[in-house]
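The structure appears below as structure tokens.
FYI, side chains are in, hydrogens and waters are out, and symmetry mates aren't considered; it's all heavy atoms of this structure.
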Amino acid sequence: MVEEADRALVLGGGGPVGGAWLVGVLAGLADAGSDPAEAGLTAGASAGAVFGARLLSGQSPRELYERQLAGADRVDLAVTAGQTLRFLRAALGARDPDRSARRLGRAALDARTPPESDVLDTVRALLNGVQNWPERPLRLAAVDAVTGEPDAFDRESGVSLVEAVAASCAVPLVWPPVTVAGRRWMDGGSRSTAPLELARGHRRVLAVVPLPSAVGPHPHAVRQAAALTAAGSHVTLITPDAAARRAMGRNMTADHRRADAARAGHAQARALAASGAIDDLLTA
């Protein structure tokens with residue numbers, strides 16, 4: 001029997017559409033008999049930070065799922081072709097992960113974006129009434145926009161939950177890096193869309209990852225899961241299947257795809273449960 005404290009839930013980033021798929025998976029797992037909120041640690045990046053905070057604050061997977069189907073939790077990310085090109089040029093302009101992250105950070109700091117207050121207001125709305133850190137352990141990934149180094153916030157970090165989630169969601173060149181504790185932070189998915197490293201030391205890890213790889217020379221989620229496995233963890237990695245990828249499309253900001261992406265995530269999780277592929281999650 002694996003104790004609750006030995007379990008970790010990792011929720012990856014993926015924009016509004018990837019987040020909708022993630023919520024669908026969580027709801028499908030819950031419907032199959034596995035409560036994602038029972039993990040001893042939840043770690044999230046970007047969209048995963050938003051839904052991790054809400055999940056641990058008492059909003060059930062079913063509630064989160066139904067809000068996606070109803071079109072609630074909308075966030076408008078107007079990403080231009082120029083922003084996309086500058087993002088790609090910065091992230092892909094170096095083969096070294098550290099240098100790539102620093103290049104992206106410089107581009108983010110130099111970009112003309114809305115004020116930080118707009119990001120904080122948007123995140124408050126996305127948190128749907130959640131204001132305080134939950135009692136259960138929650139770690140939220142972010143990247144220092146100056147140094148390119150990854151880090152994480154939790155309730156012991158001395159920052160508000162809204163600040164931590166905003167830092168984890170600050171999409172480079174679209175939203176400004178967010179100032180927290182005297183430093184500027186950008187999206188936690190900038191270096192890894194799946195903050196699996198934060199689950200190190202846990203015996204059983206479930207990672208739900210809408211986008212398995214960040215843009216640039218950064219490790220794929222499969223590689224990260226393999227590293228955790230080599231360190232002694234049992235890792236279950238769920239990424240979008242073919243049907244989910246079709247439902248999600250390529251634009252992770254396309255609001256009209258959220259409901260279909262959520263349904264695809266729910267169907268994928270139920271199919272995994274029916275096939276026995278996640279029996280360890282349902283019985284552990």
Measure across P212 and P210 and return the closest heavy-atom pair with its distance rounded to 0.1 Å.
CD-O, 3.8 Å

With heavy-atom distances below 4.5 Å as the criterion, would you say the side chains of L228 and H202 are in contact?
no

So CG of D144 and CZ of R191: to nearest 0.5 Å the spacing works out to 10.5 Å

Could you give the side-chain donor-acceptor pairs of residues 18-33 under 3.5 Å, partners two or more places apart or in another chain?
unit_1	atom_1	unit_2	atom_2	d
W21	NE1	Q268	OE1	3.2
D31	OD2	R62	NH2	2.5
D31	OD2	H266	NE2	2.7

Sequence neighbours excluded, which residues qualify as side chain to side chain donor-acceptor pair (under 3.5 Å) partners of R263?
D260

Between E116 and R184, is there a side-chain heavy-atom distance shorter than 4.5 Å?
yes

Quick one: side chain to side chain contact (heavy atoms under 4.5 Å, CB included) partners of T229, sequence neighbours excluded?
V235

Does the side chain of P195 reach to within under 4.5 Å of the side chain of V10, using non-hydrogen atoms?
yes

Suppose we screen for side chain to side chain contact (heavy atoms under 4.5 Å, CB included). Which residues come up paired with A111, at least two apart in sequence or across chains?
T113, L173

Is any side-chain heavy atom of L161 closer than 4.5 Å to a side-chain heavy atom of Q131?
no

With ILVMFWY side chains joined below 4.5 Å, transitively, what does V209's cluster contain besides itself?
V222, L237

Distance (rounded to the nearest 0.5 Å) between R155 CZ and R136 CZ:
12.5 Å

May I ask you to check whether S192 and E197 show a side-chain donor-acceptor distance below 3.5 Å?
no

Give me the other members of the hydrophobic cluster that L109 sits in, counting Ile, Leu, Val, Met, Phe, Trp and Tyr linked by side-chain heavy atoms under 4.5 Å, directly or via other members.
V146

Which atom names give the shortest non-hydrogen contact between Y65 and A262, and what distance separates them?
CE1-O, 3.4 Å

Given side chains that start at C-beta, do those of M252 and L211 come closer than 4.5 Å, heavy atoms only?
yes

Close side-chain approach of L56 to W133, heavy-atom, < 4.5 Å
no

Can you tell me how far the NE2 atom of H218 sits from the CZ atom of R223, to the nearest 0.5 Å?
11.0 Å

Going through the distances and angles, do R258 and R74 end up as a side chain to side chain contact (heavy atoms under 4.5 Å, CB included)?
CA-CA 9 Å; R258 285 196 297 131; R74 175 170 180 161; 3.7 Å; yes

Of all heavy-atom pairs between L272 and S275, which one has the smallest distance, and what is that distance?
O-OG, 2.8 Å

For the pair T193 (side chain) and G13 (backbone), establish whether a donor and an acceptor sit closer than 3.5 Å, ignoring hydrogens and angles.
no

Closest heavy-atom pair and its distance - A170, W175:
CA-CE3, 4.1 Å

N/O donor to acceptor pairs below 3.5 angstrom from side-chain atoms of residues 122-129, sequence neighbours left out:
unit_1	atom_1	unit_2	atom_2	d
T122	OG1	D118	O	2.9
R124	NH1	D121	OD1	3.0

The residue among V174, L104, L92, V79 that forms side chain to side chain contact (heavy atoms under 4.5 Å, CB included) with F87 is L104

Testing R203, R204, H234 one by one against D6 for a side chain to side chain contact (heavy atoms under 4.5 Å, CB included), which residue passes?
R203

Given side chains that start at C-beta, do those of P240 and M248 come closer than 4.5 Å, heavy atoms only?
yes

Say whether M186 and V162 are linked into one hydrophobic cluster, either directly or through other cluster members, by side-chain heavy-atom distances under 4.5 angstrom.
no

Taking all heavy atoms of A199 and all of A8, pick out the closest pair and write down the distance.
CB-CB, 3.7 Å

Side chain to side chain donor-acceptor pair (under 3.5 Å) with T147: which residues, sequence neighbours excluded?
none

Are the side chain of Q59 and the backbone of L64 linked by a donor-acceptor contact shorter than 3.5 Å?
no

So if I apply the side chain to side chain contact (heavy atoms under 4.5 Å, CB included) rule between L140 and each of V165, L198, L11, which one comes out positive?
V165

So how far is it from T179 OG1 to R183 CZ, rounded to the nearest 0.5 Å?
12.0 Å

Side chain to side chain donor-acceptor pair (under 3.5 Å) involving R103 - partner list, sequence neighbours excluded
none

Give a yes or no answer on whether the side chain of R257 reaches the backbone of V17 with a donor-acceptor pair at less than 3.5 Å.
no

pair V119-C169: side-chain heavy atoms closer than 4.5 Å
no

Name the atoms and distances for all side-chain donor-acceptor pairs under 3.5 Å in residues 39-51, with sequence neighbours left out.
unit_1	atom_1	unit_2	atom_2	d
S46	OG	D187	OD1	3.4
S46	OG	D187	OD2	3.1

SB check R54 E63 (cutoff 4.0 Å)
no

For A207 and L196 the tightest heavy-atom approach is CB-CD2, 3.6 Å

The side chain to side chain contact (heavy atoms under 4.5 Å, CB included) partners of A243 (sequence neighbours excluded) come to D241, R246

Which residues share a side chain to side chain contact (heavy atoms under 4.5 Å, CB included) with E163, sequence neighbours left out
V159, S160, V180

Are L77 and V215 linked, directly or through intermediate hydrophobic residues, by side-chain heavy-atom contacts shorter than 4.5 Å (ILVMFWY only)?
no

Rounded distance (nearest 0.5 Å) linking atom CZ of R139 with atom OG of S157:
7.5 Å

Spell out, as yes or no, whether a donor-acceptor pair under 3.5 Å connects the side chain of S100 to the backbone of A91.
yes

With rounding to the nearest 0.5 angstrom, report the CD to CZ distance, Q83 to R86.
6.0 Å

